[in-house]
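Chain identifiers are assigned alphabetically (A, B, ...) following the order of the sequence lines, protein sequences preceding nucleic acid strands; residue numbering begins at 1 within each chain.
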Number of protein chains: 2
Amino acid sequence: MRRPTMADVAREVGVTAKTVSRVLNDDGPVAADTRERVLAAMRRLGYQPNLMARNMRVGARDAAIGLVIPEMGNPFFGTVAGGIEHAVRARGLTLIVGSSSETAELEQSLIATFLARRVSALMVVPSAASDHRHLRAERAAGLPIVFLDRPAVGMAADHVVSGNREGAREGVAHLVGRGHRRIGFVGDLPATLYTRRERFQGYRDALEAAGLPFDRALVESGHDQEAASAAVRRLLALPDPPTALFAANNFASMGAVVALARAGRRDVALVGFDDLPLAEVLDPPLTVVAQDPAAIGAAAAELVLSRLDGHRTKAARRMHIPTRLVPRGSGEIPPPP
Amino acid sequence: MRRPTMADVAREVGVTAKTVSRVLNDDGPVAADTRERVLAAMRRLGYQPNLMARNMRVGARDAAIGLVIPEMGNPFFGTVAGGIEHAVRARGLTLIVGSSSETAELEQSLIATFLARRVSALMVVPSAASDHRHLRAERAAGLPIVFLDRPAVGMAADHVVSGNREGAREGVAHLVGRGHRRIGFVGDLPATLYTRRERFQGYRDALEAAGLPFDRALVESGHDQEAASAAVRRLLALPDPPTALFAANNFASMGAVVALARAGRRDVALVGFDDLPLAEVLDPPLTVVAQDPAAIGAAAAELVLSRLDGHRTKAARRMHIPTRLVPRGSGEIPPPP
DNA sequence: TTGTACGCGTTATCAA
DNA sequence: TTGATAACGCGTACAA
């Protein structure tokens, strides 16, 4: 029950494999008659070309792009992946995905697998503790590599990230504009994470631009939704508590929403970084600084495709995808008089 | 700047490619000394084995699993994919993913690509209008094929689905148990969708078990969140409106939540099928029949792996992953006296 | 318009 | 313990 090959089709028709190949790829001249007979034989035998063999012969490159994301169930990264797939499909490239669970070990192991497969390009969302020095040789050898959401560590490479700092500044400035002077910051851990650092800088930028003092007591962190909830409770229990909160990522937002709802506090303003599905039906509806994951994926795909097209600049190209402030209610709550 | 091959390593050491291969795969006897020198040369040259060539030579099968899902950004399918990847990674299999945008054309084209790549197995979430007759030959030839979330059309094949009918029955029975006698059904379109049909059957089962009449006027549909909202508004505007609603999928739930919130109706009970991220902080918190997407992915992966291990039953194996009723508030609202 | 010879990078087979 | 040779399925270069 072997699968038919070009040779089988060729034998059936009484020609050479090369002729079958010509028909398949519309390459070179083939007599209309021969062509018909080859196509008929293909159908009769149920022939399917072997992409593996083709890839190997033609470019010594797999017509696939390797993508490493932290977690597939996370709609942010899922949407990024969708944006990439959509953009590369037209080029006949398929997407190979692996999730790193935010660990450097899995990330490395996935990258190694992709390299072994000879993928045409590599796209990576770096996990917290990873280092990418070992990829410098690959990049130098011409393999397109793009980092997503966070920059590479230990090497200069293309990347596409959100306008984290600007977005956070805008979100916090929005609160300042409503009259808030004590604004809490709820971030993730570790505090060395790129996105966390950038958004924290944006927070400080906004305070400074408004001439407001920075109070370390107003900065809290948590590594998941529960911890973020607890962080918010601590902030609200301060002697001189904040009148507004800035949640620096989506689970911090969720944690803040839950903490405020449980405490029955409808007087505390809240702006979250990254949009949430049901944000508009929350009570109050959640004001966010929305990211654009599909655009991040599409931009990264374009970077990769242009490199594949021979655009071999040595310089790393870096893109910031702008965020968008979406006022819905929670961010417009004024401070108490 | 060519990438080093086995032959390069072999030349460097003064042996044959086959010896290098033996070292790489721990296959056959190699002198400890030779072994060391080969390993050293590999490191020196930065050799990386070419998986494409290996796959082609060894099994004519790609060490990858092809997965077709409707949409990557949807956390339900993202989590399913994560469950699969987690389960197959230990076997050295990687995951190739494509999204069909719920169209039969893209689904077919993705499947064709995967078959051309000679993937080791195929996992498919069928889109609404697709037909899988053409896969019968593949299945007969021994390719493991598993359908997810919805069964195949036109062929008998393994599948893993949620306990849609039982879950819906339990959700509706929950409302009946609270005293509701007029319960609206909000489903998706087209009404011929497998999941829609099953959940509708569960709805009718629960009514029948309680001796309640079925009223066609209480059944409404919509193909997205907005349409579901409109459907709910129509139900509430009936002369004899429902006192409770059953939303048969997640966007129907969201639509219902929005519609009820906008209408200020806190007296209408609501149970949704499929859980939502912020369900517990909604007002009222949303009672749901939760599915277990990670378990669906894991179960499907196990089916595939057992087939790969030679378990070649001709009979299709079908699994139902049970749902779980999560009472949070919205489903416990009693009918008006 | 078609065929021949060879190579992609690896492993299987059998002999040395 | 190692090597020589062939093979996987396909495309390239060139000849016929």
Figure out the [atom1]/[atom2] separation between [X] and [N], and round it to whole Å.
X	N	atom1	atom2	answer
A/Asp8	D/dC10	CG	C1'	13 Å
A/Leu51	C/dC8	CG	C1'	15 Å
B/Asn50	C/dC8	CG	P	12 Å
A/Asp27	C/dT2	CG	P	13 Å
B/Met52	C/dG7	CE	P	19 Å
A/Asn55	C/dC8	CG	C1'	12 Å
B/Glu36	D/dT1	CD	C1'	16 Å
B/Met42	C/dT10	CE	P	9 Å

Which residue lies toward the 5' end of DNA chain C, A/Ala17 or B/Lys18, if each is placed at its nearest nucleotide?
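In this pair, the answer is A/Ala17.
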Out of [options], which has the shortest distance to the side chain of [X]?
X	options	value
A/Arg57	C/dC8, C/dG3, D/dT1	C/dC8
A/Thr34	C/dT1, D/dC10, C/dG3	C/dT1
A/Val58	D/dC10, C/dT10, D/dG11	D/dG11
A/Ala53	D/dT1, D/dG9, C/dT1	D/dG9

Establish whether the base of C/dT10 is bridged to the side chain of B/Arg54 by a donor-acceptor pair shorter than 3.5 Å.
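Not at all, since no donor on one side and acceptor on the other fall under 3.5 Å apart.
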With a 3.5 Å cut-off and heavy atoms only, can you find an N or O donor on one side and an acceptor on the other between the side chain of B/Arg22 and the base of D/dG3?
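Donor-acceptor pair under 3.5 Å: yes.
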Does [N] have its OP1 or OP2 closer than 4.0 Å to a side-chain nitrogen or oxygen of [X]?
X	N	result
B/Thr19	D/dG3	yes
A/Ser21	D/dG11	yes
A/Asn25	D/dG11	yes

Indicate, with a heavy-atom threshold strictly under 4.0 Å, whether A/Thr16 touches base, sugar-phosphate, or nothing.
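Contact class for A/Thr16: base.
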How is A/Met6 classified with respect to the nucleic acid when contacts are heavy atoms under 4.0 Å: base, sugar-phosphate, or nothing?
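The answer is sugar-phosphate, as A/Met6 gets under 4.0 Å only of primed atoms, P, OP1 or OP2.
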Show your working on side-chain hydrogen bond (donor to acceptor under 3.5 Å, both in side chains) between A/Ser99 and B/Glu85 and close with a plain yes or no.
CA-CA 8 Å; A/Ser99 58; B/Glu85 196 220 359; 2.5 Å; yes
Has A/Glu12 got more than 12 heavy atoms of other residues, nucleotides or ligands less than 6.0 Å from its CD?
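Atom CD in A/Glu12 is packed in, count exceeds 12.
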What distance do A/Ser306 atom OG and A/Arg317 atom CZ have between them, rounded to the nearest 0.5 Å?
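With rounding to 0.5 Å, OG (A/Ser306) is 3.5 Å from CZ (A/Arg317).
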If only side-chain N and O atoms count, and only distance matters, is there a donor-acceptor pair under 3.5 Å linking B/Ser130 with B/Glu107?
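Present: a donor and an acceptor within the cut-off.
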Candidate pair A/Arg3 and A/Asp8, rule salt bridge (charged side-chain N to carboxylate O under 4.0 Å, His left out), full reasoning:
CA-CA 9 Å; A/Arg3 207 176 272 275; A/Asp8 296 322; over 6 Å; no
